[in-house]
Amino acid sequence: MLYAGQAVLLAFLLVAAMVGRRFFLGYSLLFLGGCGLAKTNSTTNSQFDYPNKLHFAVTDLSGSDALERDFGAFRQVLEETLQLPVVFFAVENYSAAAPALLADELDFVMAGPSEYLLLRARAGAIPIIGITRPKYAAMVMTRVDSGIDQLSDLKGKTIAMRTEGSTAGHIMPMKMLLDAGVPPEDYQVVMLNRQGFEALQSGQVDAWSDSHDRYVEYVKAPGLEGTDIQVIAASDHLPPDVFVANPSLGPRYLEELRNHMLDHQETLIAALLASEANQKYKTSELVAVTDADYQVLRDSYYAIGQGSAIE
């Protein structure tokens, strides 16, 4: 039997023990959370878990050789920046990245705006960092001697586009045509990838749509602008390319990943530019992005009747 004073003392000791244990636990979690970006061997089950490596893919590159050629220097600098191994994960095409994310085989992906919408819809991909592309726009071009001087002239014509789902070479040109009163059923599309310009020159198609970068590469730089080829329409500036992450990494880690990339953007962009294939990023910046930054493209998908592609 306890006297009143003894009972009070026992209650005090119990409370003190509980407080002490909570303090110890809280201190331990704080310590673990404060260690660097890659200090634990855990993977992805809670906000305090950090990956021990990142599997990284680029959606428009197929095969390990292409990844190493165009992103080898970037992978190395990213690895040094994050202080953990970054391992290439080759995907056959952009749609193949979605099941890899869902299976937790893939952690980090560089994608175009349109590809991001697919990865968001099918795998819940989280946008982390955008990489701006000055003058990134969709262009529609015709031959000067064709008599086609505006988008409305393309009714009943054949248009070369890049690839299915391409932001500047498919989705936005179709939206531009729709806004000009030319719905999809009023023209024929042929997907010719990089052969669209040649098809326009040879007269196989009546118009060619692609990005501003390729317009400069094929038309402006060779001096064909205004003599052989003319631009009849250009879109507004398009959303940036984007680095997206597997949502299973957790919000705490993803925020630190974003901050590390922003803090080291000069060295990361310089590493990108080590490859001739990445010169479109010559004057780019890394910027924080959210899903809302890509709403204009999502709206375009639905406007042209292809919303099911991103659902």
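It should be emphasised that the depicted structure is a prediction, and the values quoted were computed from it without experimental measurement.
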Practice item. Write out all pairs satisfying salt bridge (Lys or Arg N to Asp or Glu O under 4.0 Å) with one or both partners inside residues 53-71, taking only residues at least two apart or from two chains. Key: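 Salt bridge (Lys or Arg N to Asp or Glu O under 4.0 Å) check on residues 53-71 returns no pairs.
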
Flag yes if [X] and [Y] sit in one hydrophobic cluster, no otherwise; membership is Ile, Leu, Val, Met, Phe, Trp, Tyr, and two members link when side-chain heavy atoms are under 4.5 Å apart.
X      : Y      : answer
Ile128 : Leu78  : yes
Phe243 : Val91  : no
Leu61  : Ile131 : yes
Ile229 : Val144 : no
Met261 : Leu249 : yes

Exercise for review: Please report the C-alpha distance between Tyr136 and His237 in whole Å, then the side-chain angles of each, then the deciding distance to 0.1 Å, and finally whether the side chain to side chain contact (heavy atoms under 4.5 Å, CB included) criterion is met.
Suggested key: CA-CA 6 Å; Tyr136 183 31; His237 195 268; 4.0 Å; yes

Review point. For Tyr218, which residues count as a ring-ring contact (aromatic ring centres under 6.0 Å, His included) partner, sequence neighbours excluded?
Key: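 Phe197, Trp208.
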
Do [X] and [Y] come close enough that some side-chain heavy atom pair is under 4.5 Å?
X      : Y      : result
Pro240 : Val289 : yes
His170 : Gln306 : yes
Leu67  : Val58  : yes
Leu224 : Gln201 : yes
Val140 : Leu177 : no
His55  : Val86  : no
Ile171 : Leu297 : yes

Below 3.5 Å, can you tabulate the donor-acceptor pairs from side chains in residues 161-169 to any protein atom, sequence neighbours excluded?
unit_1: Ser166; atom_1: OG; unit_2: Gly169; atom_2: N; d: 3.0
unit_1: Thr167; atom_1: OG1; unit_2: Ser114; atom_2: N; d: 2.9

Please list, one pair per line, the donor and acceptor atoms closer than 3.5 Å that link side chains of residues 178-191 to other protein atoms, with sequence neighbours excluded.
unit_1: Asp179; atom_1: OD1; unit_2: Lys175; atom_2: NZ; d: 3.1
unit_1: Asp179; atom_1: OD2; unit_2: Lys175; atom_2: NZ; d: 3.0

In Å, rounded to the nearest 0.5 Å, how long is the span from [atom1] of [X] to [atom2] of [Y]?
X      : Y      : atom1 : atom2 : result
Arg194 : Arg214 : CZ    : CZ    : 5.5 Å
Met172 : Met139 : CE    : CE    : 13.0 Å
Thr290 : Ile126 : OG1   : CD1   : 11.0 Å
His260 : Thr81  : NE2   : OG1   : 8.0 Å
Met176 : Ser209 : CE    : OG    : 8.5 Å
Leu262 : Glu285 : CG    : CD    : 10.5 Å

Check your understanding: With Glu255, which residues qualify under salt bridge (Lys or Arg N to Asp or Glu O under 4.0 Å), at least two apart?
Key ->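 Counting only residues at least two positions away or on another chain, Glu255 forms a salt bridge (Lys or Arg N to Asp or Glu O under 4.0 Å) with Arg258.
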
Check your understanding: Who are the salt bridge (Lys or Arg N to Asp or Glu O under 4.0 Å) partners of Asp145, not counting sequence neighbours?
Key ->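 Only Arg143 meet the salt bridge (Lys or Arg N to Asp or Glu O under 4.0 Å) criterion with Asp145.
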
Exercise for review: Just say parallel, tilted or perpendicular for the rings of Tyr294 and Tyr116, cut-offs at 30° and 60°.
Suggested key: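 Answer is tilted, since the angle falls between 30° and 60°.
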
Exercise for review: Tell me, with the steps shown, if Val242 and Asp293 meet side chain to side chain contact (heavy atoms under 4.5 Å, CB included).
Suggested key: CA-CA 11 Å; Val242 59; Asp293 295 311; over 6 Å; no

Which pair of non-hydrogen atoms, one from [X] and one from [Y], has the smallest distance, and what is that distance?
X      : Y      : answer
Met141 : Val231 : CG-CG2, 3.8 Å
Gln279 : Ser275 : NE2-O, 2.8 Å
Gln265 : Leu286 : OE1-N, 2.9 Å
Asp241 : Pro113 : OD1-CD, 3.3 Å
Leu272 : Tyr281 : CD1-CD1, 4.2 Å
Leu101 : Ala123 : CB-CB, 3.8 Å

For the side chain of [X] and the backbone of [Y], is there at least one donor-acceptor N/O pair under 3.5 Å apart?
X      : Y      : result
Asn278 : Leu273 : no
Glu105 : Ala100 : no
Ser284 : Thr132 : yes
Glu115 : Gly112 : yes

Point to revise | Near-ring test Phe71/Phe108, centroid separation under 6.0 angstrom | key: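 No, too far apart.
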
**Study point:** Within 6.0 angstrom of Glu92 CD, more than 12 heavy atoms from elsewhere
**Key:**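 No, not enclosed.
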
Check your understanding: Do Thr59 and Leu119 pass the side chain to side chain contact (heavy atoms under 4.5 Å, CB included) test, and can you show the C-alpha distance, the side-chain angles, and the key distance before you say yes or no?
Key -> CA-CA 10 Å; Thr59 56; Leu119 296 177; 4.3 Å; yes

Practice item. Please test Leu268 against Phe74 for side chain to side chain contact (heavy atoms under 4.5 Å, CB included), starting from the C-alpha separation and ending with a verdict. Key: CA-CA 6 Å; Leu268 288 169; Phe74 176 80; 3.8 Å; yes

Point to revise | side-chain hydrogen bond (donor to acceptor under 3.5 Å, both in side chains) partner of Thr142, the single match among Gln230, Lys157, Gln150 | key: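 Option passing the side-chain hydrogen bond (donor to acceptor under 3.5 Å, both in side chains) with Thr142: Gln230.
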
Check your understanding: With a distance cut-off below 6.0 Å to the six-membered ring centre and an angular limit of 45° from the axis, does Arg75 pair with Phe56 as a cation-pi contact?
Key ->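 Negative - Arg75 is either too far from the ring of Phe56 or too far off its axis.
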
